[in-house]
Participant: 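So that we are looking at the same thing, I have put the structure below in structure tokens.
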There are 2 protein chains.
Amino acid sequence: MHMALKFVLLTLLDRERQTGYEIVKTFESAVGYFWSASHQQVYRELSKLTDENLVKFTSIKQGDKPDKKVYRITASGKQDLQQWLQAPVKASPGKDLLLVKLLNLRAENVAVLLEELDRAIKSAEERAAVYSGIKKTYYSKEQRASLALEDLALYLALKKGIGSVAAHIKWLRETRAEIAEYGQGRE
Amino acid sequence: MHMALKFVLLTLLDRERQTGYEIVKTFESAVGYFWSASHQQVYRELSKLTDENLVKFTSIKQGDKPDKKVYRITASGKQDLQQWLQAPVKASPGKDLLLVKLLNLRAENVAVLLEELDRAIKSAEERAAVYSGIKKTYYSKEQRASLALEDLALYLALKKGIGSVAAHIKWLRETRAEIAEYGQGRE
DNA sequence: TCTCCATATGCCACTAGTTGCATAACATAG
DNA sequence: CTATGTTATGCAACTAGTGGCATATGGAGA
């Protein structure tokens, strides 16, 4: 079983009617933190989903802009989506090139790997700050108290992001310290 | 810049000479927690790396088993690897189908999503137990004290795994509780 | 004019990943 | 004998992902 993008698109179109362009924009914003796909992929998949009658579109002429196709999920599409929801998600083992780089750890590579870790720390801290800002702006205590069930997912995704980036920063710092200590002559 | 598997293979062959089969086995054990590739991919890539003179192999006849090719990295390969080490790693935004599923959150899907979360909690707890067992078996305090620099990477990978699975379990539990609370009629 | 940006869609060629199949050598169990 | 497992390698077909190119409509700036 694969076809993950299919179900991502069905999910998004189940929430609201959208153009391919809007979906691509979604992947560049909120959803982009936990899914992404190029516009070529999106249009390719939408075309297939249309052929399979899982979605349909309405063409709309826009005077000031190019024409657009607004897609919506069909009843068949809803069925497929519901079946997918019932099926267990297979967790995909991640790929972490930073850890691969650390496999190259030996005396002559210590400096370059410490640089990599410093970059990673900086980048992770920036990401943590972004998440924190999003939380403050969109999910204050009051805003969270009035969140509808349908709007909870993005908040939960944010919480996951916050928790995992914090754990990552913790690990990065400890790793950096441990390697720097080896570099000091421990080995 | 892509070709990630290329550098994973160069890294592994820089550490020790190996057959394609051994590399695949590596992806099924320790390294598999942070990288993976099918045997078809491995052989395809090894073939390309050989054509590009980044690795070379020695064919060995084995009486009781099929012949094998033992690969090793060339000087060119080492150069390529070193250049890659100097270059910043691009963090790839993850893909999280569980979060995509949560986008389907509404009253009629609460039960099925709670089931999914329960499965995820169970699975994550099992993974945490595996990591804990590995730490206890291979990385006791004494063993860690005598770890060579070259052997640190797998320990650091384990630490990362432990930290991130803990954060994940925390989030899963909080998420489950929050959704169950909505299901109790908060909405 | 060109370049960049926005909205909007699409084709093409290639790489990376997946799945199925295959061969060769051995072993064990039913 | 078949089935399963191991060690060992490889081909083929397909899907998923990436990067480049393109068109169409508009805008702004150098």
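Every value quoted in this text rests on a predicted model; they were computed, and no experiment measured them. Numbers restart at 1 for each chain; the letters A, B, ... are given by sequence-line order, proteins then strands.
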Participant: Does a donor on one side chain and an acceptor on the other come within less than 3.5 Å for A:Q143 and A:S140?
Facilitator: yes
Participant: Phosphate oxygens OP1/OP2 of D:dG17: is one of them under 4.0 Å from a side-chain N or O of A:Q41?
Facilitator: yes
Participant: Rounded to the Å, how far apart are A:H39 NE2 and C:dT7 P?
Facilitator: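 For the pair A:H39 NE2 and C:dT7 P, the rounded distance is 14 Å.
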Participant: Want to settle it: does B:Y71 or A:R44 sit nearer the 5' end of DNA chain D, counting the closest nucleotide to each?
Facilitator: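 It is B:Y71, whose closest nucleotide lies nearer the 5' terminus.
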Participant: Can you check the B:L46 CG to D:dT9 C1' distance for me, whole Å?
Facilitator: 11 Å
Participant: Could you tell me if A:Q82 and B:N109 have a donor-acceptor pair between their side chains, going purely by distance under 3.5 Å?
Facilitator: yes
Participant: So which nucleotide from C:dT18, D:dG17, C:dG10 ends up closest to the side chain of B:S38?
Facilitator: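 Within the option list, the nearest is C:dT18.
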Participant: Please report, rounded to the nearest Å, how far the P atom of C:dG17 is from the CG atom of B:L9.
Facilitator: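 In whole Å, C:dG17 P and B:L9 CG are 11 Å from each other.
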Participant: Just say parallel, tilted or perpendicular for the rings of B:Y155 and B:Y139, cut-offs at 30° and 60°.
Facilitator: tilted
Participant: Report the distance from atom NZ of B:K65 to atom P of C:dA27, rounded to the nearest whole Å.
Facilitator: 12 Å
Participant: In whole angstrom, give the distance that lies between atom CD of A:Q62 and atom C1' of D:dG27.
Facilitator: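 Distance check: A:Q62 CD to D:dG27 C1' gives 15 Å.
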Participant: Nearest whole angstrom, please: distance from the C1' of C:dC14 to the NZ of B:K6.
Facilitator: 16 Å
Participant: Indicate the ring-plane relationship of B:H39 and B:Y43, choosing parallel, tilted or perpendicular according to the 30° and 60° boundaries.
Facilitator: perpendicular
Participant: Among the nucleotides D:dT7, C:dT9, D:dA13, which one has an atom lying closest to any side-chain atom of A:K69?
Facilitator: C:dT9
Participant: Taking only side-chain nitrogens and oxygens of A:K25, does any of them come within less than 4.0 Å of OP1 or OP2 of C:dA6?
Facilitator: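 No, outside the criterion.
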Participant: Checking B:R17 against B:Y71: is there a side-chain donor and acceptor pair closer than 3.5 Å?
Facilitator: no
Participant: Please give, in whole Å, the distance from C:dA8 P to A:R17 CZ?
Facilitator: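 Distance check: A:R17 CZ to C:dA8 P gives 17 Å.
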Participant: Going by modelled atom types, is there a donor-acceptor pair between the base of D:dG17 and the side chain of A:Q40 at under 3.5 Å?
Facilitator: no
Participant: Does a side-chain N or O of A:Y43 approach OP1 or OP2 of C:dG10 to a distance below 4.0 Å, or not?
Facilitator: no
Participant: Hey, which sits more toward the 5' end of DNA chain D by its nearest nucleotide, B:V70 or A:D64?
Facilitator: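 Looking at the nearest nucleotide for each, B:V70 comes out on the 5' side.
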Participant: OP1, OP2 of D:dG17 versus side-chain N and O of B:K95: anything below 4.0 Å?
Facilitator: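 Answer is yes, contact under 4.0 Å.
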Participant: Could you give the OH-to-P distance, from A:Y21 to D:dA24, as a whole number of Å?
Facilitator: 18 Å
Participant: Tell me whether the OP1 or OP2 atom of D:dA16 has a side-chain N or O from A:K48 closer than 4.0 Å.
Facilitator: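 A:K48 to D:dA16 OP1/OP2: side-chain N or O found under 4.0 Å.
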